[in-house]
Amino acid sequence: MDLNSSKPEETRNAQVYALEILVRWHKQDAGASRAATAIGALLEASLMAVARGEIPPEKDGPSLLEVWRLERESSTRGTGSPLRGSEIKIWWEAHQNQIRQQLADHQAEWRPELSIKPGGGRNLPTRYALLLAPFSAWAVEEVDGDAAPTLLAPGGLVYRVDPVKPALWIRLLLGSKPFPINSWRGYLLLAAAALDLALICLIWGSLYFAWRQPRPVTTADLAVAMLATLVTLALWHFSRPIRELTTQRVSLGNEAVLAFSVLNGQLRAMKEPGSRLKGRIFSVVRHWGTCPVCAGEIDLATGGRAFPDRIIGRCNDAPQEHVFTFDPVRLIGAPLRPPY
């Protein structure tokens, strides 16, 4: 009898543990958008209910929208566009990888599922709830809203995306927060790379006009040519992350775009599901994950000669053997080398 009576208590404790993990993650990394605030309110309400032995409650759209207004200390209550179910669903699906990784890292046994009950006539609002399901049943994910599930490859991993500190000149000119590429900040960012290329053209154009007349080559000419080469290589290196961003959408950062305290980081220009900003969004971030082989940290790096023309994930403990693909859209990776 004692064993049987303890099972509900153990289940409730495991569910509370999973919700506590996500509440802490949400407060640190989820942001302050309307959909993020709504999910945060659902997580906290679910945590309180499950801790009391109750089922997670349902919340209607107007109540969740009011929570967002109160957190922003807005005086425009009762105004603005309503909170739509599609808005919350897009945000929830876009953050499934991070949620899954958080729960897996802490060995949680339960996971939340978003339940949306659409409203109808007579001003009935849409209602939302977070229902709990066993974590072991979480084997697939939806991609871009498609109903067809995609399995995570055996031995694969999920990448996290954390913001990192950009270089001082980026913080002074553009700020530290993400912004649309199609904006004055985005144009200024691209102009910085164009300026480096213009300086390279100016250097060699000046040397061409200075040396186009036949004359003996002096030691000073050799020194000037060597200096021009070094400056060209430096400018080409410093502009590389921004140049590659226009075609690769994610480029490896260097000392020109990252703060001195940041060891690994990337420039990212991707469409962010659930964001109110339109178009591609520029951000300075770090993509990383946990190695499924040795539990070491995985950071992005160049593929080198073994995997040319691509960015891959390399384990910090075994960078030559534990290597993985990098999908910047789904934020997942598959092993590039066969297991032992």
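Here, residue 1 is the first one in the sequence, and each next residue gets the next number. Values below: all heavy atoms of this structure, side chains included; hydrogens, waters and symmetry mates excluded.
A heavy-atom distance below 4.5 Å is found between the side chains of N254 and R240. With a 4.5 Å cut-off on side-chain heavy atoms, Q102 and R24 do not count as touching. Using a 4.5 Å cut-off on side-chain heavy atoms (C-beta onward), R215 and D221 make contact. W211 is not listed as a side-chain neighbour of V217, based on a closest heavy-atom distance of 4.5 Å or more. L157 places none of its side-chain heavy atoms less than 4.5 Å from the side chain of T290.
No single ILVMFWY cluster, assembled from side-chain heavy atoms under 4.5 Å apart, contains both F238 and L252. No continuous path of hydrophobic side-chain contacts links L258 to L235 [ILVMFWY only; heavy atoms under 4.5 Å]. When the side chains of ILVMFWY residues are joined at heavy-atom separations under 4.5 Å, either directly or via intervening members, V285 and W288 end up in two distinct hydrophobic clusters.
Atoms CG and OG, from L245 and S251 in turn, are 4.5 Å apart once rounded to the nearest 0.5 Å. The distance from atom OG1 of T246 to atom CD1 of I181, rounded to the nearest 0.5 Å, is 9.5 Å. Note: L132 CG to L130 CG = 8.0 Å, rounded to the nearest 0.5 Å. With values rounded to the nearest 0.5 angstrom, K177 atom NZ is found 14.0 Å from S283 atom OG. For the atom pair CD (Q320) and SG (C315), the distance works out to 11.5 Å, reported to the nearest 0.5 Å. The distance from atom CG of L114 to atom CG of L131, rounded to the nearest 0.5 Å, is 8.5 Å.
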(message) Between I332 and F326, does the side chain to side chain contact (heavy atoms under 4.5 Å, CB included) criterion hold? Intermediate values first, please.
(response) CA-CA 6 Å; I332 61 175; F326 169 64; over 6 Å; no
(message) Run I21 and W25 through side chain to side chain contact (heavy atoms under 4.5 Å, CB included) and show every step you take.
(response) CA-CA 6 Å; I21 294 169; W25 163 79; 5.6 Å; no
(message) side chain to side chain contact (heavy atoms under 4.5 Å, CB included) for F324 and C291? Distances and angles first, verdict last.
(response) CA-CA 9 Å; F324 302 84; C291 180; 4.2 Å; yes
(request) Evaluate the criterion side chain to side chain contact (heavy atoms under 4.5 Å, CB included) for residue pair E255 and H237; output intermediate values, then yes/no. (result) CA-CA 10 Å; E255 59 275 10; H237 170 72; 2.9 Å; yes
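Residues passing the side chain to side chain donor-acceptor pair (under 3.5 Å) test with W169: none are found, sequence neighbours excluded. Here S261 pairs with nothing under the side chain to side chain donor-acceptor pair (under 3.5 Å) rule; sequence neighbours left out. With sequence neighbours left out, H287 forms a side chain to side chain donor-acceptor pair (under 3.5 Å) with Q266, R268.
For Y187 and N182, the side-chain atoms include at least one donor-acceptor pair closer than 3.5 Å. When only modelled atom types and interatomic distance are considered, H106 and E20 share no side-chain donor-acceptor pair under 3.5 Å.
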For residues 301-312, which side-chain donor-acceptor pairs fall under 3.5 Å, sequence neighbours excluded?
none

Review item, side-chain donor-acceptor pairs of residues 195-206, under 3.5 Å, at least two apart:
| from | atom 1 | to | atom 2 | distance (Å) |
| --- | --- | --- | --- | --- |
| W204 | NE1 | T232 | OG1 | 2.8 |
| S206 | OG | L202 | O | 2.7 |

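Here the closest heavy-atom approach between residue P328 and residue V250 is recorded as CB-CG2, 3.8 Å. The two atoms that bring L103 and A18 nearest to each other are CD2-O, 3.8 Å, heavy atoms only. Of all non-hydrogen atoms in A256 and A167, the two that sit nearest each other are O-CB, 3.5 Å. The shortest heavy-atom contact between A259 and R171 is CB-NH1, 4.0 Å. V329 approaches D327 most closely through the heavy-atom pair N-OD1, 3.0 Å. V284 and P166 get closest at one heavy-atom pair: CG2-CB, 3.8 Å.
S46 contributes no side-chain N or O that, together with a main-chain N or O of P56, makes up a donor-acceptor pair within less than 3.5 Å. The backbone N or O of G265 lies less than 3.5 Å from no partner atom in the side chain of R286, so there is not a single donor-acceptor pair.
Cluster note: L263 groups with no other residue, as no ILVMFWY side-chain heavy atom lies under 4.5 Å from it.
The only option from I242, L189, L190 that meets the side chain to side chain contact (heavy atoms under 4.5 Å, CB included) definition with F282 turns out to be L189.
Checked for salt-bridge contact, R314 and E297 miss the test: no charged N lies under 4.0 Å from a carboxylate O.
When the shell of 6.0 Å around CH2 of W236 is examined, it contains 12 or fewer heavy atoms from other residues, nucleotides or ligands.
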